[in-house]
Novice: 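Have a look at this one before I ask anything.
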Amino acid sequence: MADSAQAQKLVYLVTGGCGFLGEHVVRMLLQREPRLGELRVFDRHLGPWLEELKTGPVRVTAIQGDVTEAHEVAAAVAGAHVVIHTAGLVDVFGRASPETIHEVNVQGTRNVIEACVQTGTQFLVYTSSMEVVGPNTKGHPFYRGNEDTLYEAVHRHPYPCSKALAERLVLEANGREVHGGLPLVTCALRPTGIYGEGHQIMRDFYRQGLRLGGWLFRAIPASVEHGRVYVGNVAWMHVLAARELERRAALMGGQVYFCYDGSPYKSYEDFNMEFLGPCGLQLVGARPLLPYWVLVFLAALNALLQWLLRPLVLYVPLLNPYTLAVASTTFTVSTDKAQRHFGYEPLFSWEDSRTRTILWVQAAGSSAQ
Ligand SMILES: NC(=O)C1=CN([C@@H]2O[C@H](COP(=O)(O)OP(=O)(O)OC[C@H]3O[C@@H](n4cnc5c(N)ncnc54)[C@H](O)[C@@H]3O)[C@@H](O)[C@H]2O)C=CC1
Ligand SMILES: CC(C)CCC[C@@H](C)[C@H]1CC[C@H]2[C@@H]3[C@H](O)CC4=CC(=O)CC[C@]4(C)[C@H]3CC[C@]12C
């Protein structure tokens with residue numbers, strides 16, 4: 001990167017820029033990307049908070065659009081140097097149909113790739129997911145695994161199926177010639193369960209605990225470890241990956257990276273208690289209060305009720321066979337690939353991530369955010 005390149009101002013596009021992760025990516029780019037000249041935020045639902053960003057030194061362009069509409073994506077991508085494609089339908093609860101999940105996550109990603117090729121955008125960072133790997137339908141643990149760990153990835157649920165297909169499209173697109181003759185450089189980042197400011201499920205657990213008089217009841221054994229990563233660090237990893245793709249194209253192109261930081265390995269519920277505990281909630285039981293087979297039965301019952309009630313009302317409980325399987329299967333990563341390939345170090349320590357999340361839960365739990 002010569003001086004002239006450093007002086008060059010770049011146009012970034014963030015799809016899904018108004019979502020939980022997307023908002024953090026947008027804010028992180030504005031704070032930490034010195035070469036940012038224009039930031040395009042593309043989302044189906046634009047957040048009101050974007051307005052305040054428009055008064056800053058970087059041009060922020062809000063684009064209301066749908067990734068399933070190829071022409072809208074192409075118009076947004078045209079002239080962008082880098083695309084961070086984080087838009088997705090995150091649904092493991094049966095809200096959307098499998099066809100819609102596929103349409104948004106797979107066809108939407110195809111549209112982004114084709115738009116890059118047609119308009120000459122060379123760098124694409126895709127937000128994938130740990131779910132591309134597992135947990136698989138057989139409940140095999142993935143314990144402190146890395147990007148090279150052999151694991152039988154068997155999916156049936158529409159969400160992981162769609163993320164796996166989309167990730168493959170992104171990786172296979174690496175090296176394709178874009179308009180103007182240069183090669184497309186792509187990589188995929190795979191967060192584990194993201195937490196932090198804006199995490200709606202955490203807020204829902206908090207509100208539920210408040211409704212139950214400050215108690216939550218253990219459902220999953222404490223021995224089941226679940227990988228979690230702070231949203232600020234996931235955002236930082238996206239910013240760094242996007243920045244370094246140009247300089248390290250040969251190394252990073254076509255690669256996948258798990259997102260990781262210093263967050264401790266714990267069960268899903270014990271991890272949540274790191275935030276909900278200081279907010280006044282208590283987790284009852286050193287062991288699950290209900291036998292596992294009862295949870296399996298309840299999860300199956302919920303799935304049946306969802307199906308039966310669908311013509312009348314959308315019933316979307318947290319517990320279903322898929323969420324139970326994910327929550328009760330160990331899935332943790334231990335890797336330094338992002339550090340080796342593009343110099344990633346977590347920006348936020350565990351203590352920092354924890355404090356920020358606690359403050360957000362306290363504020364969000366008591367307001368209508
Ligand atoms: N939340 C998590 O724990 C994890 C999320 N991910 C991935 O991270 C990405 C972001 O997830 P979150 O921020 O959690 O979800 P989110 O639902 O908060 O954000 C997704 C954003 O995409 C937008 N979007 C959805 N459909 C769209 C469409 N058709 N056209 C344009 N925009 C559309 C939504 O409006 C939303 O703003 C997703 O790709 C997801 O698969 C990966 C691993 C873990
Ligand atoms: C007491 C119940 C059994 C607890 C249910 C908790 C579940 C709702 C969540 C447990 C694990 C979560 C998933 C995990 O963090 C991995 C994910 C990655 C993604 O890409 C999207 C979100 C999710 C599937 C996440 C969804 C909620 C859980 C299933």
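For the numbers below, each heavy atom of this structure counts, side chains included, while hydrogens, waters and symmetry mates do not. The model shown is predicted, which means the values in this text are computed figures rather than measured ones. Ligands are counted one by one from 1 in listed order, and the atoms in each one are counted from 1 as well. For reference, positions follow the sequence shown, starting with 1.
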Novice: Please list, in number order, the atoms of ligand 1 under 4.0 Å from a heavy atom of C18.
Specialist: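 Once the distances to C18 are compared, the set is 37 (O).
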Novice: Heavy-atom pairs closer than 4.0 Å: do any link ligand 1 to the side chain of Y159, the backbone, both, or neither?
Specialist: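 Within the 4.0 Å criterion, Y159 contacts ligand 1 through side-chain atoms alone.
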Novice: If you measure every N/O of I194 against every N/O of ligand 1, is any gap under 3.5 Å?
Specialist: yes
Novice: Does an N or O anywhere in G22 fall below 3.5 Å from an N or O of ligand 1?
Specialist: no
Novice: Is it the case that ligand 1 has an N or O less than 3.5 angstrom from some N or O of P191?
Specialist: no
Novice: Quick one: ligand 2 N/O to protein N/O pairs below 3.5 Å?
Specialist:
from: ligand 2; atom 1: 20 (O); to: S129; atom 2: OG; distance (Å): 2.7
from: ligand 2; atom 1: 20 (O); to: Y159; atom 2: OH; distance (Å): 2.7

Novice: Looking only at heavy atoms, is any part of D66 under 4.0 Å from ligand 1, and if so is it the side chain, the backbone, or both, or is it neither?
Specialist: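 Within the 4.0 Å criterion, D66 contacts ligand 1 through backbone and side-chain atoms alike.
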Novice: Look only at interatomic distance and state if T68 has a nitrogen or oxygen under 3.5 Å from any nitrogen or oxygen of ligand 1.
Specialist: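 No; the residue has no nitrogen or oxygen that sits under 3.5 Å from a nitrogen or oxygen of the ligand.
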Novice: Between F20 and ligand 1, does any nitrogen or oxygen pair lie at a separation below 3.5 Å?
Specialist: yes
Novice: Applying a 4.0 Å heavy-atom criterion (strictly less than), which segment of T192 is in contact with ligand 1: side chain, backbone, both, or neither?
Specialist: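 Only the backbone of T192 comes within reach of ligand 1.
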Novice: Is G108 close enough to touch ligand 1? Criterion: a residue heavy atom under 4.0 Å from a ligand atom.
Specialist: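 Outside the 4.0 Å threshold, so no.
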Novice: What is the ring orientation for Y195 with Y230, classed by angle as parallel under 30°, tilted 30 to 60°, or perpendicular over 60°?
Specialist: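 Geometry flag for Y230 against Y195: tilted rings.
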Novice: Taking the ring of F331 and the ring of H226, is the distance between their centroids below 6.0 Å?
Specialist: no
Novice: Do the rings of W350 and F271 sit parallel, tilted or perpendicular, given the 30° and 60° boundaries?
Specialist: tilted
Novice: Against ligand 1, does G198 come closer than 4.0 Å with any heavy atom?
Specialist: no
Novice: Heavy-atom pairs closer than 4.0 Å: do any link ligand 1 to the side chain of K163, the backbone, both, or neither?
Specialist: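 For K163, only side-chain atoms sit under 4.0 Å from ligand 1.
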Novice: Between V67 and ligand 1, which residue portion shows a heavy-atom distance shorter than 4.0 Å: side chain, backbone, both, or neither?
Specialist: both
